[in-house]
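First comes the structure, then the notes that go with it.
Just so you know, ligand 1 is whichever comes first in the structure, and atom 1 is the first atom listed for that ligand.
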Amino acid sequence: MTDPLRTFFNPRGVALIGASSNPAKLSHGVLQNLTSQGYRGRVYPVNPRGGEILGLPVYPSVAELPDAVDLAVIILSAERTVEALEACGQRSIRAAVLVASGFGELGTGGREREAQLRELARRYGMRFIGPNCIGVLDTYSRINTTFLRAVPKQEAIGFASHSGAICGGVIDWAEEVGVGFSRIISLGNQADVDMADALDSLAEDPHTRVVTAYVEGLPDGRRFVEAASRLTRHKPLVVLKAGRTPSGTRAVASHTGALAGADRAFLAACHQAGAIPVENLEELMDVAVTLAYRQPLPRSRVAILTNAGGPAAVGADAVDKQELHLVRLSEETQARLREVCPRGVMTGNPVDMLGGAQPAHYTAALDVLLGSPEVDGVMVVFVPQALTPPAEIAERVGKSAGRAGKPVVCCIFGGSGVWAAARTLHAHGVPHYLTPARAALALGALWRYKQVQARPQLEPQPVAGVDRERASHLVEAAATAGQRVLDSQAGAEVVAAYGLSVPPSGLAACAEEAVALAGRLGYPVVLKRVAPGVVHKSDAGGVALGLEDAGAVRAAFAQIVGPGEQVFVQRMAPKGLEVIVGAQRDAQFGPLVMFGLGGVYVEVLRDVAFRLAPLSETEAREMVAETAAGRLLTGVRGQPPGDLDGVVAALVGVGQLMADLPQVAEVDLNPLIVGPAGEGAWAVDARVVIGNTEG
Ligand code: ADP
Ligand code: MG
């Protein structure tokens, strides 16, 4: 793939439309950034008043621009932005950054204006970023369309953001601690160029080694997942999403006018795309920095080197939480540590050199640890003491780390001296963190990315033997009959068409019909009331289980079926563990499959895992393994292991069903009764809900 945003980052010339000679105006800041940071193309200010700004001649209109111009930065009011974009199209300018707000985030009227922009872009074959954004910045091609005062230094972190303000904040932070960026893309309302384009662009950029994204709304979650999946094959992707909680969702809705998806869909999306989700901006940058200085973490064995016990103990707990392991140091390593460390050193792991440790001790001990084959990565912890300056420790740690091919993260506590030390460390490619937990999180991200790289490509395979036509026909028939939920029989047939095992069943209109049907299905059977509106049949006394003969069927019929109602007769499934398999549609990410422990306590226990549909067998196995239900299925306390293959087939089948049948809004199999291995997993209660028909 070629970089879809190449023109934005390497334009032959840039027009600044709405240029102003007033230094208080944003456009003046943009002109300054365009002209002062080494961009080699020409810059053309445009303003009907003409004249000269910052020594450049001002052109009265886009039409009068003299030479090749590939990119326009438009800083005008919303109405005039639309006109200016049209003028750019007529002048064959291929890319534009639209800074103005006053579009989709305002509601209907603004959205119409946004549609005009899109229409113009289509007509003239242009791409645009924004509106409501600050555009792009590339520390290598040196294009900078922002008005931000701080300018990041060159580094390997690419950042795509729906919020321009967050771009500014992140750049200020980076300057303070001495971290840099390769590219920054502020997307604003993403009326044309969206997050997926930004990810594709950063994937192709040779200077970007790690991609970070701040995500608000994703109108097309699938596009995002696809772009993210492409990217993570080559580079790590770290994502912070706002709007994952109900109040966060409200804040986002009023912010960029986009709908935020539910947390679980987002986390499933990250998982499937191989992206690393984080909780806040600190984590986003913490993790990015370690990934940018990338020394791989091939295995999970970590050592901690410290001069104080408490922080190291906290670090040890944090390491454990990241599913990393504090390695047991070999006798040989411990002996060498005793040789080079102050007397009294504790050579277990954490290696505690105690308060008297000098800079030279840090160098020597770190060299020993990095030279030990059993150590894959090191967290250095330093609590400043009166006689040891943090800057010198930073210098020493930086030098030692630079010689090793293993990741080192460094946590230096303290006040004023810390930022200088941090800058020294970053200059050596060693990330600095203020707390051991943050350092551990960063090491954990290296480990997670290693696992992303190691996992098989998860392409969902179409399920064999699916009868899509039959399922679709049943759903259509129910919709035509005005049903929102398919009756039990139709529901069972729909899921059976996707390869799920369902006990033989049918509907009967009277007691004698039920008896005859039970005879054909084979005893024992279940009778279930199918009156419309009854969601939990057993709550309403509408399920009679384990009926062994005709007499029992007649008695049950008399008890549970109302006058004129039909009854659902179903053969009993073998005994087993009751799990739930469900599916619903997320507004942003589309169909989502759920697995968990079944029964009446599902809502309370929340023992559930989610994946986007369609899903591969590997993903289905993973999601089962994530839950307590999955652990029960492996056979605990003398129980035989359950039929895992049956569960996996059910999950993959339901995923395929959701992908194939856009009319289906929800599927709920509660329970799927999982028999012993080899005896199947039976959907005894299939609830299929019809929604509106858009996929
Ligand atoms: P509802 O969920 O509406 O109450 P179900 O059809 O799920 O009704 O039945 C309630 C419970 O009865 C199930 O959770 C399961 O334990 C049991 N059950 C239902 N159908 C069968 C069956 N065919 N074989 C064995 N047990 C069944
Ligand atoms: Mg049920």
Side-chain angles (χ1 to χ4, degrees), residues 478 483-496 500-508 514-515 517-549 552-553 555-557 559-562 565-584 593-608 628-629 632-633 639-640 642-643 646-647 650-651 654 664 666-676 679-689:
Q483 296 170 359
R484 212 180 76 79
V485 182
L486 269 62
D487 69 53
S488 300
Q489 181 61 26
E493 288 177 32
V494 167
V495 299
L500 280 87
S501 304
V502 297
S505 63
L507 291 166
V515 169
L517 180 56
R520 285 202 300 280
L521 301 174
Y523 287 99
V525 297
V526 191
L527 252 58
K528 299 182 190 178
R529 196 175 164 198
V530 290
V534 177
V535 175
H536 298 296
K537 298 176 281 296
S538 47
D539 286 359
V543 176
L545 294 168
L547 310 174
E548 299 281 356
D549 51 37
V553 169
F557 188 94
Q559 203 179 7
I560 66 174
V561 182
E565 281 176 19
Q566 281 194 312
V567 71
F568 180 60
V569 186
Q570 184 184 43
R571 192 153 78 201
M572 283 290 282
K575 285 210 174 352
L577 182 72
E578 301 202 355
V579 299
I580 181 167
V581 168
Q584 37 180 260
V593 175
M594 181 187 83
F595 174 77
L597 202 55
V600 282
Y601 298 127
V602 269
E603 282 89 356
V604 183
L605 296 176
R606 302 189 133 264
D607 172 47
V608 283
L632 290 176
L633 282 175
Q639 298 284 327
D643 194 61
V647 175
L651 289 166
V654 167
V664 175
E666 266 174 60
V667 173
D668 203 2
L669 310 179
N670 189 16
L672 183 79
I673 299 182
V674 188
E679 290 183 30
W682 300 86
V684 302
D685 182 18
R687 193 174 141 83
V688 176
V689 181

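- Taking each heavy atom of Ala583 and Val654 in turn, the nearest pair found is CB-CG1, 3.7 Å.
- Interface atoms of ligand 1 facing Asp685, defined by a heavy-atom separation under 4.0 Å, are 1 (P), 2 (O), 3 (O), 5 (P), 6 (O), 7 (O), 8 (O).
- Exactly one of Val569, Asp487, Val567 qualifies for a side chain to side chain contact (heavy atoms under 4.5 Å, CB included) with Leu507. That residue is Asp487.
- Applying the side-chain contact (heavy atoms from CB on, under 4.5 Å) rule to Val502 yields the partners Ala492, Val495, Ala496, Ala683; only residues at least two apart in sequence or on another chain are considered.
- Contacts between Gln570 and ligand 1 below 4.0 angstrom, taking non-hydrogen atoms only, involve the side chain exclusively.
- For the pair Ala556 and Ala544, the tightest heavy-atom approach, listed with the atom from each and the gap, is CB-CB, 3.7 Å.
- The ligand atoms of ligand 1 that sit less than 4.0 angstrom from a heavy atom of Pro671 are 7 (O), 13 (C), 14 (O), 15 (C).
- Rounded to the nearest 0.5 Å, atoms CZ (Arg687) and CG (Leu669) are 11.5 Å apart.
- Within the 4.0 Å heavy-atom criterion, the part of Leu545 lying near ligand 1 is the side chain and not the backbone.
- Counting atoms of ligand 1 from 1 in the listed order, those under 4.0 Å from a heavy atom of Val526 are 21 (C), 22 (C), 23 (N).
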- Query: Would Val526 and Lys528 count as a side chain to side chain contact (heavy atoms under 4.5 Å, CB included) if you check the C-alpha gap in whole Å, the side-chain angles of each, and the deciding distance to 0.1 Å?
  - Reply: CA-CA 7 Å; Val526 191; Lys528 299 182 190 178; 3.9 Å; yes
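- Heavy-atom proximity to Ile673, at under 4.0 Å, picks out these atoms of ligand 1: 25 (C), 26 (N).
- Not one N or O on the side chain of Glu548 forms a donor-acceptor pair closer than 3.5 Å with the backbone of Pro524.
- Protein atoms of type N/O/S that fall under 2.8 Å from the Mg ion (ligand 2) number 2 in this view.
- By the criterion of a heavy-atom distance under 4.0 Å, the side chain of Lys528, and not its backbone, is placed next to ligand 1.
- Atom-to-atom distance recorded for Gln570:CD and Leu521:CG is 9.0 Å, nearest 0.5 angstrom.
- Using a 4.0 Å cutoff on heavy atoms, Lys575 does not count as a contact of ligand 1.
- Taking every heavy atom of both residues into account, Ile673 and Lys575 meet most closely at CG2-C, 4.2 Å.
- Across all their heavy atoms, Val579 and Ala629 have their closest contact at CG1-CB, 4.2 Å.
- With atom 14 (O) of ligand 1 as the reference point, the heavy atom nearest to it among Arg571, Arg529, Glu578, Met572 is part of Glu578.
- Ligand 1 places these atoms under 4.0 Å from at least one heavy atom of Ala573: 22 (C), 23 (N), 24 (N), 25 (C).
- Residues Pro503 and Trp682 come closest through the heavy atom pair N-CE3, 3.7 Å.
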